[in-house]
Amino acid sequence: MTTELPKAYDPALIEEKWARYWVEQRLFDVATPTGEAAARNTFTQLLPPPNVTGRLHMGHMLNQTEMDILTRWHRMMGETSLWVPGTDHAGIATQMMVERLLAAEGKTTRRELGREAFITRVKQWKEEYGGAITEQMRRLGASVDWSREYYTMDENLNVAVREAFIRLYEQGLIYRGAYIVNWDPQIQTAVSDLEVESEERAGHLFHVRYDLADGTGSITIATTRPETMLGDTAVAVNPTDERYTAFVGKSLTLPLSATGGKPGREIPVLADDWANPEFGTGAVKVTPAHDPNDFAIGKRHGLPAPLIMDAEARIDLPDSPYHGLDRFEARQRIVADLDAAGYLVKVEDHTLTLPISQRTGAVIEPRLSLQWFLAVNKEPAGATTTPAADSSGRGPNSVAARAVAAVRSPTNPDGPIKFTPEMYSKTFHLWMDNIYDWCISRQLWWGHRIPAWHCGACAHINVAREAPPACTACGSTTLEQETDVLDTWFSSALLPFTAFGWDGSGTLTADLAAFYPTELLVTGFDILFFWVARMIMLGTHLMTDVPLPNGSRRTLADTVPFRNVYIHALVRDANREKMSKTKGNVIDPIGIVEKYGTDAVRFTLASQASPGTDIAFSEARTEGNRAFANKIWNAARFLHMQIERGREAGYTVTLRLHDSFALELPEHTPLETRWIFARLGAVSAEVARALEAYRFDEAASAIYQFFWGEFCDWYLELVKLRLVFPAAVEPDAADAVTAIPAELNDVTELTLGALVTVFEAALRLLSPFMPFLTEELWHALYSQVDAAEPPAKSIALTRYPQAADFAGDAASAAAMTTLQELIVTVRALRKDLAVPEKEPAPIQIAAVPAIAALALANADMLARMARVASVEVVPQTPTGANARATGSFDVAVVYERQIDVAAERERLEKDIAKFTKGLLAAEKQLGSESFLAKAPAHIVDGLKKQSEETRSLREKAEAALASLPVA
RNA sequence: GGGCGGUUAGCUCAGUUGGUUAGAGCGCCUGCCUUACAAGCAGGAUGUCGGGGGUUCGAGUCCCUCACUGCCCA
């Protein structure tokens, strides 16, 4: 059965079909290798889990394209190539989405529904809609192992999260404490520092007078947040600030605090270095419960820290006239009242930097609250090595210290984890050097609940796997489970081992034995700290207990979650603007895919994915790459036609898949076929080199250049010379077949075989980049050649082309290059001479005997490619307007038509100027003693040779110019 | 304020440890509907490599400095 290829390439007709086929046939499922096979011929990657609520964006598509290219490449290189997909339960995002849903449908709230029912509702939502983003992944052809798909709220994750928590708690690394956290009043939870962005906004600096309690004077403070004065417990001035020295130790009466006949509250004036004499008035109010810096001051001076706002950031002081007001409303009222009471000294315009919640966009309210933290710099209890804290005071076995040791950098060359581009390791270390404890609790309902029970009697915290029957401290049975859940990133930090069955027991599962550490993590810079750093911290800490397959204890290098991290660029819009919903410049990858096809978009992303540079996504380039796909499509149609003709002429067309054919070419193999195999080998080597270095752009460009610039533009045109089928020679003649020499027949058959062999190999080369197109054409090709089944269920399961698969033939490659140069020169000359395109013209060539012979021997090639009527070798260099000189030959086109003298003059003068410039530079260097003495011989020789050549070219150009008629 | 990048053709970007006359795609100009492909073919134009200084026989590449620009952290 043969497959008819439609005339035009239409990705819509093929992509969905193959996407479905790959999933249904489970082609990329990986069985756990055991025994010998487990001995590390694996390539394993973990998909950075997209939020289950998410929709695919360009960043995902870039990430997945890169991961898929590598996965497919390693698979085709014969490795056990495993790519594990999954999704993240995304605590805040998911909870918000379901809350919005509830509001929209039934006008109920989470609280009205209750915790249990709400969670059930979230799970329902996930069942129904949570697959959207993985559906999109399937559409993109991601060659993942769907049988291993994870979800960070899966039951096994729950067990693992609990075990990890308990372990860290028992080691004294998890603790609970009252600290200032970033409070998001919209969703009413603490968020980590990483989840806070800062934004500059226009605001005011309010100068407020605080009077001394003894009435002897006043201090004016400056604040951007006057509403927090309700919680002031001091005013601080710098100890070196002479303006205020006399005030230190005295008491101030807090303005507006005298209410209902009660006297105003008194607060002390403190000396503290934090007060900046340069800023504002040099005196700052101190609100320990609502500002991180003030909190630190409060700690230093033992100040009380009264909370003045509730979880929604409304004033929460029942006795105050501001009770119940939103913080911004309270600000206005308080400023008005201060003004009315004469305390407001002045108001300045001031640009302030506001902390904004990344998830909700709400202004963060720093708030004192009880939270759970992971101590990152602390030595774990029971650590085996003696703590010898470094200068930073960080324990050598602390999670941060191990993570730092794990990442390779110029200062840490033995680190087992290598970052690409390397510069990110600097960023990583810089961040790690300043890291502080990670707030891991969230006041949400959706997430892994913290396994702790508070004793109602003695307040002891019981951390346990299951609800304990009684308090372990006092025996009371009044226990209440902690309501907080864990930060989403806590569970995703465990993924590199939970994905392979880690349950906290220290058991080495077969999957862990085979796949941990994973080989590579491909991700964006944005989650370097959120996720990458935390995986490294928890992996290097928790995996120490799991033995190696040989039973020995893991060293640092075996505990790391991955050995390589490739950080890719950000995809921006065509104008290099960051894509954002508010700007409305978000490019939906699915829309682009529908317009141009997945293959074209993948190829575009790959070809622009140069490390360290952001990608300005270009639709024009995508269009160009769709044209590339179309080009290949049409090359396939050409092949099919030739195979059909061959069959009609009685040939058997055999597709000899990477067997000896490409390596041992028969003696009568024509030049162009020797050349194309040599090129195929060289390109295969280049692609391998590029992919090893994550140079997707170079790999893509090498393949593009080969497929279009060499295979299509040259080889396909040249084989038309060879594919002379008996019926095609003289369709009417009865003796057509006998008119063809047997030798020529051999060449036809050989060329037909070479053509399909090269094309099939080129498809394999392209396949990781354009999996759909190549799958379609590969199957179609097998249906066209002799009836045998394809050697695999998919091109993705075949061998990747490698340099050693093809005959290298340097002599043929060089000869071909010379002929190409000759053809291009003749074409250009013909154009200058305005020879009509279809009119053949003779040429004259002067060159060394080998090149002259080459031209004569390949006159047929010249005829086909450059309409050369005949080749005449002449002893003397042709000069004049119809001649050109190159380093290898001089050639003239014999044609009488007058040329454009002015244009020719201009061209020659330009050439001469260029040659002269080059010559001058070369002569200057060659005339320098020190150059001759110090430069390596091959540079000197090369320059000499080149300058001789340039001199000769310049002479010829001058002669040509002189021979031009005077204008 | 601290840190890390970037500045190369009209646009988007390559350019390995310094080495011969700096490349690609897109766009642009000219001519072709050549039976695989007009989503194509052939030919062509275009750069004081951000400015200045230095090291070197030799600098787009290394160093200093300035300018502009982006990102991260305060």
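As the structure is a computational prediction, the values presented were derived from the model and not from experiment. Convention: sequence-line order gives letters A, B, ...; per-chain numbering from 1.
Here, B:rU61 and B:rG23 have their C1' atoms 15 Å apart, quoted to the whole Å. The separation of B:rA74 from B:rC11, taken at their P atoms, amounts to 36 Å, rounded to a whole angstrom. Comparing the C1' positions of B:rU21 and B:rC49 gives a spacing of 15 Å, expressed to the nearest Å.
For B:rU35, neither phosphate oxygen OP1 nor OP2 lies less than 4.0 angstrom from any side-chain nitrogen or oxygen of A:K720. Between A:R830 and B:rG44 there is no side-chain N or O to OP1 or OP2 distance below 4.0 Å. Taking only side-chain nitrogens and oxygens, A:K7 never comes nearer than 4.0 Å to OP1 or OP2 of B:rA39.
Within 4.0 Å (heavy atoms only), A:L430 reaches sugar-phosphate atoms of the nucleic acid but no base atom. Residue contacts for A:V940: at a heavy-atom cut-off of 4.0 Å it reaches no nucleic acid atom on any strand shown. A:E717 comes within contact range of at least one nucleobase, with a heavy-atom separation under 4.0 Å. Among the atoms of the strands shown, none is found under 4.0 Å from any heavy atom of A:S947.
Between A:F638 and A:W714, the residue anchored nearer the 5' end of RNA chain B, judged by the nucleotide with its closest heavy atom, is A:F638.
Here A:K831 pairs with A:E837 under the salt bridge (Lys or Arg N to Asp or Glu O under 4.0 Å) rule; sequence neighbours left out. Partners of A:A403 by side-chain contact (heavy atoms from CB on, under 4.5 Å), not counting sequence neighbours, listed by chain and number: A:F428, A:M432, A:I536, A:M537. A:E66 meets the salt bridge (Lys or Arg N to Asp or Glu O under 4.0 Å) test with no other residue; sequence neighbours excluded. By the side chain to side chain donor-acceptor pair (under 3.5 Å) test, A:T604 is found to be paired with A:N625, residues two or more places apart in sequence or in another chain being considered. Among residues two or more places apart in sequence or in another chain, the salt bridge (Lys or Arg N to Asp or Glu O under 4.0 Å) test is passed with A:K720 by A:E717. Partners of A:D294 according to the side-chain contact (heavy atoms from CB on, under 4.5 Å) rule, which considers only residues two or more places apart in sequence or in another chain, are A:V286, A:T287, A:D291, A:I297. Partners of A:R951 according to the salt bridge (Lys or Arg N to Asp or Glu O under 4.0 Å) rule, which considers only residues two or more places apart in sequence or in another chain, are A:E923. With sequence neighbours excluded, the residues forming a side chain to side chain donor-acceptor pair (under 3.5 Å) with A:W438 are A:D487, listed by chain and number.
With pairs defined as Watson-Crick or G-U wobble and both atom distances under 3.5 Å, the stems of at least three pairs that touch RNA chain B come out as B:1-7 with B:67-73, B:10-13 with B:23-26, B:28-32 with B:40-44, B:50-54 with B:62-66.
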- In B/S/- notation, 5' to 3', how is nucleotides 22-34 of chain B contacted by protein heavy atoms closer than 4.0 Å? ---SS---BBS-S
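Legend: salt bridge (charged side-chain N to carboxylate O under 4.0 Å, His left out) pairs involving residues 624-642 of chain A, not counting sequence neighbours: none detected.
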Contacts under 3.5 Å, N or O only, protein and nucleotides 7-9 of chain B:
none

